[in-house]
Amino acid sequence: MTPSLDIARAAYRDVPLYTTESIRCDVDLSDNTNLWGAPPAAQEAMRDLANGSFTRYPSAYALGLKDALAEYAGVERSWIVTGCGSDDILASAIRALAEPGETLAFCAPTFAMIPIFAKINGVVPVAVAMTATLDIDPDALIATGARIIYVCSPNNPTGTYASRAALERLIAGAPGLIILDEAYGEFAEDSHFDLTAASDRVLVVRTMSKAFGLAGLRIGYAVGSPSIVAEVEKSRGPYKVSVAAERAALAALAKDRAWVAARVVDARASRDRLAESLRTLGLAPLPSQANFVLVPVPNAAAVAQRMRERGVAVRVFEGLPSVGDALRITAGPASMMERAIHALDEALACE
Ligand SMILES: *Cc1c(COP(=O)(O)O)cnc(C)c1O
């Protein structure tokens, strides 16, 4: 890391840049995107864009996209805020809803960006442990007294799910805002989307980067009571969804829902087969409700390096709380999964 300057904000000094492996791999199973590709109507919208006018700004707050997402989510437009990826919404929500110096609590391990988004907004991240069954621990979260509590379900990187009972207990007892990140909500058996209706302090954050296959276009959204959404929108600022992104998202929401639903079925089946193959190798993958599997593996970094030499990229985690070293593998088409299992089998044989 480059040494930081005295002129930088103190909270920024130990914030790392986000790094991912830049070496390209034949089979990249490292980022949980839709490995079956992008939805067809969205692709067509991108091809037609050459004739479109993008010399002008998009609409300031993406009103057309808000309407389409409101219909998709079954809420009024005033309940929706969009962003440049859901990352943008998470950071904007923290900035809008916590004062500098206040705290944001989460159960670890969870989405690696959360402590960073807290710090860059002057907010102090506080990690608490998950329960023995890798559920969220509502009492420990409430006991922190945090202004914001973040829950990711299905959780990245574990793939595990926050139980309904734990979430309800959390909502009843939490002093401030609850952010429920459902980036992988489409892949889970049930969504907790409806909890926004149960409390005006719940913001459900979703994305078109995972099931919808549009990660490169950066489209995220959140659903919450109009009073929260309005504050997040102020913090987010105008023009965050580009003309291209809005067109693709509108096309996908209008015409590609069946395609997305079919790929979700494919991803779940692939995930379950992947878990089965991992068990055949003598490993114990965590139960997943997402489009990826986390599998504890000793010396995960060395194993992943040997997989990479065999053309397969997976995401490495070292020393995760409650889990230890592990590999996170995205579920995709069968041919990719076969390559991954073969590479992992060979990589483990070198241990
Ligand atoms: C991928 C991911 C996101 C970010 O998605 P973008 O919409 O692409 O910014 C947010 N939360 C979790 C848990 C994720 O895994």
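Every number for a ligand or one of its atoms is a count from 1 in the order of the listing. Computed from a predicted structure; not experimentally measured. Along the sequence shown, the residues carry numbers beginning at 1.
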Check each protein residue for a heavy atom under 4.0 Å from ligand 1 and list those that pass, ordered by chain and number. Gly85, Ser86, Asp87, Phe111, Tyr150, Cys152, Asn156, Asp181, Ala183, Tyr184, Thr207, Ser209, Lys210, Arg218
Hits for side-chain hydrogen bond (donor to acceptor under 3.5 Å, both in side chains) against Ser270, two or more places apart or cross-chain, chain-then-number order -> none
Test: Glu231 and Lys234 ion pair at under 4.0 Å: yes
Who pairs with Asp256 by side-chain hydrogen bond (donor to acceptor under 3.5 Å, both in side chains), at least two apart in sequence or on another chain? none
Would you mind listing the cluster partners of Tyr61? Hydrophobic ones only (ILVMFWY), side-chain contacts under 4.5 Å, chaining allowed. none
For the ring pair Tyr72 and Phe212, is the centre-to-centre distance below 6.0 Å? yes
Under 6.0 Å between ring centres, would you say that holds for Phe106 and Phe111? no
